[in-house]
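Some notes on the structure that comes next.
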Amino acid sequence: MLICSWDKEIKHWLPGALANRCVIMSSMSSEKQTQQINSFQVAKANGLLILSYETLSRNIEHLKRKGPYQPYGLLVCDEAHRLKNPETIQFKALYDLPTVSRIMISGTPVQNVLKEFHALIDFCIPQCLGDTKAFNKTFGRPIERARDVGATDKELTRGKEANDLFNAHVKEIMLRRTNETIAKFLPPKEDVVVFCTLTKRQQQLYTETCQNNAVSSFVRISNLKKIVNHPSMLQLGDDAPKQSFRGRPPPFDYSQSGKMLVLMDLLESVKRRTSDRFVLISNFTSTLDLFQQMLDQKKLTWVRLDGSANANKRQTIVDNFNGDPSCFCFLLSSKAGGCGINLIGGNRLILFDPDWNPATDQQALARVWRSGQKKKCFIYRFFATGSVEEVVYERQLSKEGLAGQVVDDNSEARKFSSEELRQLFRPNFATFSSMHDSMGCTCCETVAEPSSVLPEHGSTTSVDENGFLHLKPGSHELLAKDECLGCVQRHVSLVFVRTTDLTSQAPPPARCEEVEEDEMGVSDDADETDDVD
Ligand SMILES: [Zn+2]
């Protein structure tokens, strides 16, 4: 999958390297693979080899034969977080490959613990941060201890010192790029948070589940997350296999789910008004199954990508969607969505349920709002009002806020305290949004008519600390921001909207004699696009 993407980008940005490039697809026979490596190794200059980690591991002995007296000039590792564990065969094989320089590219350099980040840096520049033991003593343990809920003042101080020192080191060797860096080269984007009220049936099931002390908190939370997607998810298990619907599918009633009602109203509203297309993302493949059924009922076209497709098939599905304007929806499981997939054929993306790890959501968003996208983008996040999903989102926001602290540390959701659990199992359906309540925002209090303008956030200058406007369904402001969503009112309790539009800051189009220089500039930014993947 990524092999094809890289080959395409080389063709686009480095046409001079085309003549001497060798691309190894995993589908090639081993003879063909050997032949490609041979022709790469005999290339005198500017040779370029593109291959997957798996193919490289299989052919590592062959590739090492070039060294040790003739090292390769440059090794570039995309999705470098795959090398976070120095104990793996893959890591060891690559580590020994004789190279002059190494570049690691990753959208999530720190996924869980700093130890993994150390492994990546050590792969790139051996001993730069000391060996594992020294690193843990100086940086790892103090920083992680300070992040503990019960950290003492002394531990906090030590953690801060270690953190500052760590960042000073890292700044020398790491180039950090966020999506905002390339925003001025991208079309405008609306981030839209949609709070959807549950149906009566969902509320009843939800309350019953909260009160069921017979099962563990973990099981209850997991069941709550299913109920808010659709009541039938409770019977489907965590990740029901696709074939559970082979034969005659059970009649599916999406109107039992508040979020699905909003989803369908939005899809139909967009279909009526625009030629825009959608990417629909869920953490549950069983929810994708339900999407398929509701789209089929409405005769809306879709393709689907989840973890079950192999690399070649994935690329075909992606190309089919991007190249076929009549294909309305791309159904994507968030676990399959993180790795470099380019879905610029769609410009409206819906995250149907939130993930504890904000990096997963962030990666999903970058599928459509990226280099090559020409249309204005709408990124919707759906949350069931007053439910566990709002808690997940609140945690995400606090973690996104911490991102600058240590690179992009997205440590796993810490365990809940017993008070937090009590809170979690106390559903609050009589609200526009429980998260909004806890923000202490009063914009809703004086609003009697759902369609009237919110007094506090009625003007575009008044936004919350995350840059969002708070808008009522059907309000004039919302209609102005997103006419298609503005027309959807059933089961929508509140909408947050944040506009990103930096297009006016983009450099003016180059004059003829400057074209060459300008192309170089744009080329730099293409690298940054890959960086955020
Ligand atoms: Zn408000």
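We're numbering straight along the sequence, starting at 1. Indexing begins at 1, ligand by ligand and atom by atom, following the structure's order. This is a predicted model, so every value here is computed, not measured.
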### Working for ring pair (Phe, Tyr, Trp, His ring centres under 6.0 Å), residues Phe352 and Tyr380
CA-CA 8 Å; Phe352 194 71; Tyr380 303 95; over 10 Å; no
### Message
Quick check: Phe291 with Phe284 (ring centres under 6.0 Å apart)?
### Response
no
### Query
Hey, what's the angle at the Zn ion (ligand 1) spanning SG (Cys443) and SG (Cys441), nearest 10 degrees?
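Centred on the Zn ion (ligand 1), the SG/SG angle is 110° (to 10°).
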### Task
Looking only at N, O or S atoms, find the one in His470 nearest to the Zn ion (ligand 1) and name it.
ND1
#### Entry: Of the N, O or S atoms in His436, the one nearest the Zn ion (ligand 1)
NE2
### Query
For Leu165, does its backbone N or O pair with a side-chain atom of His169 as donor and acceptor, under 3.5 Å?
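Judged by distance alone, yes, a pair lies under 3.5 Å.
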### Task
Please report the C-alpha distance between Thr499 and Lys481 in whole Å, then the side-chain angles of each, then the deciding distance to 0.1 Å, and finally whether the side-chain hydrogen bond (donor to acceptor under 3.5 Å, both in side chains) criterion is met.
CA-CA 9 Å; Thr499 308; Lys481 290 278 181 194; 2.8 Å; yes
